[in-house]
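A short worksheet on the structure shown next.
Values below: every heavy atom of this structure, side chains too, minus hydrogens, waters and symmetry copies. Each chain gets a letter, A, B and so on, in the order the sequences are listed, and its residues count up from 1.
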Amino acid sequence: MFEPHDQFLQRQQKLREIEQLGFDPYPHRFDATHAVPEVVEKFSAGSAENLDADQPRARVAGRILSLRSHGKTGFADLHAGGARLQAYFRRDTLGEKAYQLFKLLDLGDVVGVEGRIGRTKTGELTLFADQLILLAKALLPLPEKWHGLADVEQRYRQRYLDLIVNPRVREIFQTRARVITFLRHFLEARGFLEVETPMMQILYGGATARPFVTHHNALDLDLYLRIAPELYLKRLVVGGFDRVYEINRNFRNEGTSTQHNPEFTMLEFYQAYADYRVMMDLTEEMLTGLVRELTGGTTITYQGQQVDFSQWQRLSLREAICRYWLAGSAPDPADLADAAKARQVAAAHDRWAARHLESARLADVPQEASAAKASEHLFEVVVERQLIQPTLIYDFPTEISPLTKARDDDPTLTERFEVFAGGLELGNAFSELNDPIEQRRRFEQQAREREGGDEEAHQMDEDYIRALAYGLPPTGGEGIGIDRLAMLLTDSRSIREVILFPLLRPLRESPPAPAEPGEN
RNA sequence: GAGCCCGUAGCUCAGUCGGUAGAGCAUCUGCCUUUUAAGCAGAGGGUCGUGGGUUCGAGUCCCACCGGGCUCACCA
């Protein structure tokens with residue numbers, strides 16, 4: 001007898017035997033009476049006696065992830081919709097031909113089974129099959145059932161396998177979907193209109209990042225994949241859509257990390273006649289509501305730490321640096337407003353950090369840095385990782401916030417805040433700068449920084465300034481990183497765990513694929 | 001972009017001091033009509049990521065490359 005050693009060849013051989021028995025290994029449709037989770041939910045409370053009396057029937061489809069054959073009978077576990085249902089097959093019930101089909105089944109095959117719902121003598125809810133239909137033959141073997149698929153690279157490259165054998169992965173993406181659904185409902189309930197704005201843009205803006213470039217052939221035009229939808233959304237507020245939001249992909253041409261994927265999903269929303277204080281309240285309500293929706297409570301665990309969304313703290317950037325200071329006696333917030341003193345503070349921090357490199361990072365503030373730049377560096381190095389509890393950090397320097405309205409009492413600071421929880425930066429919000437003349441000045445400042453070598457400085461956008469010149473109402477705007485929010489709410493350490501197909505370098509050799517038929 | 005670590009059967013992993021490659025699950029054969037990480041008996045399966053080098057001899061030591069992970073840098 002022909003006994004190929006390769007499992008792919010063995011399964012092709014079985015496929016031919018199945019066809020010789022007269023079964024179609026890839027039929028066109030199957031009409032189930034129940035989904036597997038429905039059967040489990042509907043009958044899990046039924047006792048053996050009640051099920052015996054009622055003799056309920058079901059016709060279900062699923063993938064076989066376990067097979068236990070006992071001679072003239074056998075058990076198979078059907079998985080579908082995240083649930084498992086055991087089916088029992090007997091030669092004397094199925095008939096000779098269908099039982100031969102059962103003997104030819106492999107782990108991974110998709111089958112339809114019809115029969116009576118009951119319990120085995122060990123009490124397990126079981127579909128006692130009287131019909132078996134092969135719905136799709138699996139030609140490649142699945143990863144092992146007990147340890148699942150652990151190789152991170154293979155999990156990402158072949159996410160379908162990850163989803164089949166690792167139930168937790170399925171849950172992560174279900175949670176991610178629930179996050180997005182909640183945010184949509186939350187915003188819709190408050191009168192926000194969902195819109196879609198260009199992803200291919202002639203000018204890129206709304207964030208500081210390097211873009212991807214693409215080309216439109218018919219127009220012979222280079223285009224940028226957007227780094228943010230911000231400038232288009234505010235044009236819509238000018239146009240009279242007072243409350244708009246968009247949940248969609250942004251693209252930034254930067255390195256990957258556990259917190260960065262080149263394409264990622266952002267929620268941006270804008271509310272006319274609101275300022276950043278209104279957005280602060282809205283943010284707290286939205287994220288606390290989200291945690292409540294997902295968990296029923298207000299506390300989650302992220303990477304071993306409790307994060308309690310029933311309490312939010314609000315700190316200015318400079319207060320936060322002083323509050324979370326680790327390097328000896330803390331500076332005074334006022335020192336951070338002065339460039340020379342701020343640089344001294346940063347230097348003091350780095351002298352300490354150099355002796356604690358296992359737990360601390362250097363701020364590395366440049367010689368000529370402004371107070372703003374020094375504070376920004378210190379904040380990232382000192383504070384960010386310590387912001388485990390939900391926190392809003394406000395009063396960002398004007399210099400690093402070219403689209404943000406400045407404070408009336410201190411034009412070096414803006415009405416801007418960022419959202420943190422679990423040590424992750426989740427969002428960024430501000431009172432939108434709506435003075436077209438001031439906006440032009442800010443763009444011109446950015447252009448100078450660009451000339452000075454800052455590739456990420458903002459581009460001049462004349463049409464945006466023209467839109468502002470028609471009158472943008474006072475507006476609060478905010479961006480929330482959906483992927484990071486999903487990380488926080490699924491206790492995921494890496495952003496790749498919450499993106500179905502994260503970007504990986506291609507392999508030189510293509511993975512094994514089904515060979516041409518007709519061999520052997 | 002830099003540093004550190006990893007890559008062995010379909011999957012999960014061992015492999016000591018450099019001496020012809022191992023286990024469990026999966027697969028194949030036989031037995032088995034209520035099992036559930038089913039069981040019993042037997043069998044097959046390897047370009048040790050790729051290419052060089054050292055050596056009588058390399059999965060093991062050295063170099064380069066490929067892929068991945070983590071940390072750092074930048075950001076949301």
Side-chain angles (χ1 to χ4, degrees), chain A residues 1-11 13-14 48 65-77 84 86-94 99 106-108 118-124 126 128 139-157 161 165 206-210 227-228 230 250 252-262 264-268 357-358 361-362 364 376-377 380-381 384 400 418-420 424-429 454-456 478-485 487 493-496 502 504-509 512:
Chain A
M1 181 180 173
F2 172 61
E3 288 183 22
H5 296 133
D6 181 82
Q7 294 193 41
F8 178 66
L9 295 177
Q10 286 169 346
R11 288 176 180 223
Q13 176 64 31
K14 287 184 180 179
L65 291 189
S66 176
L67 268 173
R68 299 176 294 282
S69 177
H70 295 258
K72 299 178 183 64
T73 69
F75 293 87
D77 290 344
R84 183 191 75 95
Q86 174 172 271
Y88 179 57
F89 301 87
R90 299 170 63 99
R91 190 172 69 175
D92 53 13
T93 311
L94 278 176
Y99 195 73
D106 286 303
L107 298 185
R119 289 194 181 276
T120 60
K121 69 183 182 190
T122 60
E124 174 148 356
T126 300
F128 292 89
L139 293 177
L140 290 169
L142 289 175
E144 192 215 3
K145 61 187 169 187
W146 195 243
H147 297 94
L149 181 62
D151 183 289
V152 175
E153 183 177 353
Q154 194 178 356
R155 287 184 47 231
Y156 297 157
R157 288 194 195 279
L161 289 181
V165 300
T208 52
R210 286 155 65 186
I227 58 173
E230 169 151 350
N250 290 344
R252 298 189 183 174
N253 208 336
E254 291 162 352
T256 62
S257 79
T258 50
Q259 291 182 47
H260 300 84
N261 195 63
F264 64 100
T265 303
M266 273 270 276
L267 162 65
E268 282 204 12
L357 281 178
E358 68 289 346
R361 291 161 59 195
L362 295 171
D364 263 336
E376 187 191 11
H377 278 84
E380 283 170 10
V381 166
E384 221 174 286
I400 57 172
E418 289 190 349
V419 189
F420 294 86
L424 296 171
E425 182 182 345
L426 297 174
N428 181 23
D454 184 352
E455 278 186 79
E456 296 188 346
E478 179 160 350
I480 301 270
I482 296 296
D483 312 274
R484 289 191 184 166
L485 199 52
M487 287 169 68
R493 180 185 168 79
S494 167
I495 198 170
R496 294 180 207 95
L504 298 180
R505 280 198 169 82
L507 296 173
R508 262 187 309 182
E509 293 166 295

Heavy-atom check, side chain of A:L504 versus side chain of A:R157, under 4.5 Å: yes

From A:I480 atom CD1 to A:T265 atom OG1, the distance as rounded to the nearest 0.5 Å: 13.5 Å

For atom CG of A:L161 and atom P of B:U12, their distance in whole Å: 10 Å

RNA chain B base-pair string [pairs: Watson-Crick or G-U under 3.5 Å; |: paired with another strand]: (((((((..((((.....[..)))).(((((.......))))).....(((((..]....))))))))))))....

Same-atom distance (C1') from B:U29 to B:G51, integer angstrom: 41 Å

Euclidean distance for P, B:G52 against B:G42 (whole angstrom): 42 Å

B:G24 and B:U71, which share atom name C1', separated by this distance in whole Å: 34 Å

A:Q154 and A:L161, any side-chain heavy atoms less than 4.5 Å apart: yes

Whole-angstrom distance between B:G46 and B:C5, as gauged at atom C1': 25 Å

Pairing of A:R84 and A:E124 as salt bridge, 4.0 angstrom limit: yes

Distance, C1' atom - from B:C25 to B:U36, rounded to whole angstrom: 15 Å

Sequence-distant partners of A:R155, salt bridge (Lys or Arg N to Asp or Glu O under 4.0 Å), two or more places apart: A:D162, A:E497

Touch class at under 4.0 angstrom, heavy-atom based, for A:L504 against every strand present: sugar-phosphate

A:R505 side chain near B:G68 phosphate (N/O to OP1/OP2, under 4.0 Å): yes

Student check: side-chain heavy atoms of A:Y99 and A:T93 closer than 4.5 Å: no

Length of the CG-C1' vector between A:D6 and B:U27, whole Å: 10 Å

P atoms of B:U27 and B:A73, separation to the nearest Å: 48 Å

Sugar-phosphate, base or nothing in reach of A:G148, heavy atoms under 4.0 Å: sugar-phosphate

Per-nucleotide protein contact string for nucleotides 70-76 of chain B, where B marks a base within reach and S marks sugar-phosphate only (heavy atoms under 4.0 Å, - for neither): SSSBBBB

Protein-nucleotide distance (A:L107, atom CG; B:C28, atom C1'), rounded to Å: 14 Å

Pairing residues for A:R90 by the salt bridge (Lys or Arg N to Asp or Glu O under 4.0 Å) criterion, not counting sequence neighbours: A:D92

Distance, rounded to the nearest Å, where A:Q154 contributes CD and B:G69 contributes C1': 15 Å

Test log, rule side-chain contact (heavy atoms from CB on, under 4.5 Å), inputs A:L362 and A:V381: CA-CA 7 Å; A:L362 295 171; A:V381 166; over 6 Å; no

Check: A:D483 side chain, A:F264 main-chain N or O, donor-acceptor pair, under 3.5 Å: no

Integer-rounded Å distance: B:C66 P and A:E153 CD: 14 Å

Whole angstrom value for the distance that separates C1' of B:U29 from CD of A:Q13: 15 Å

Side-chain donor/acceptor of A:S257 to backbone N/O of A:Q259, under 3.5 Å: yes

Nucleotides 32-43 of chain B: protein proximity per nucleotide (B base, S sugar-phosphate only, - neither; heavy atom, under 4.0 Å): BBBBBBB-----

Salt bridge (Lys or Arg N to Asp or Glu O under 4.0 Å) involving A:R68 - partner list, sequence neighbours excluded: A:D77

Test salt bridge (charged side-chain N to carboxylate O under 4.0 Å, His left out) applied to A:E153 and A:R505, step by step: CA-CA 10 Å; A:E153 183 177 353; A:R505 280 198 169 82; over 6 Å; no

Under 4.0 angstrom between A:R157 side-chain N/O and B:G67 OP1 or OP2: no

B:A21 and B:U60, which share atom name P, separated by this distance in whole Å: 13 Å

Gap between atoms CZ and C1', on A:F8 and B:C11 respectively (whole Å): 18 Å

Test log, rule side-chain contact (heavy atoms from CB on, under 4.5 Å), inputs A:L426 and A:F420: CA-CA 6 Å; A:L426 297 174; A:F420 294 86; over 6 Å; no

Atom P, compared across B:A64 and B:C28: separation rounded to whole Å: 45 Å

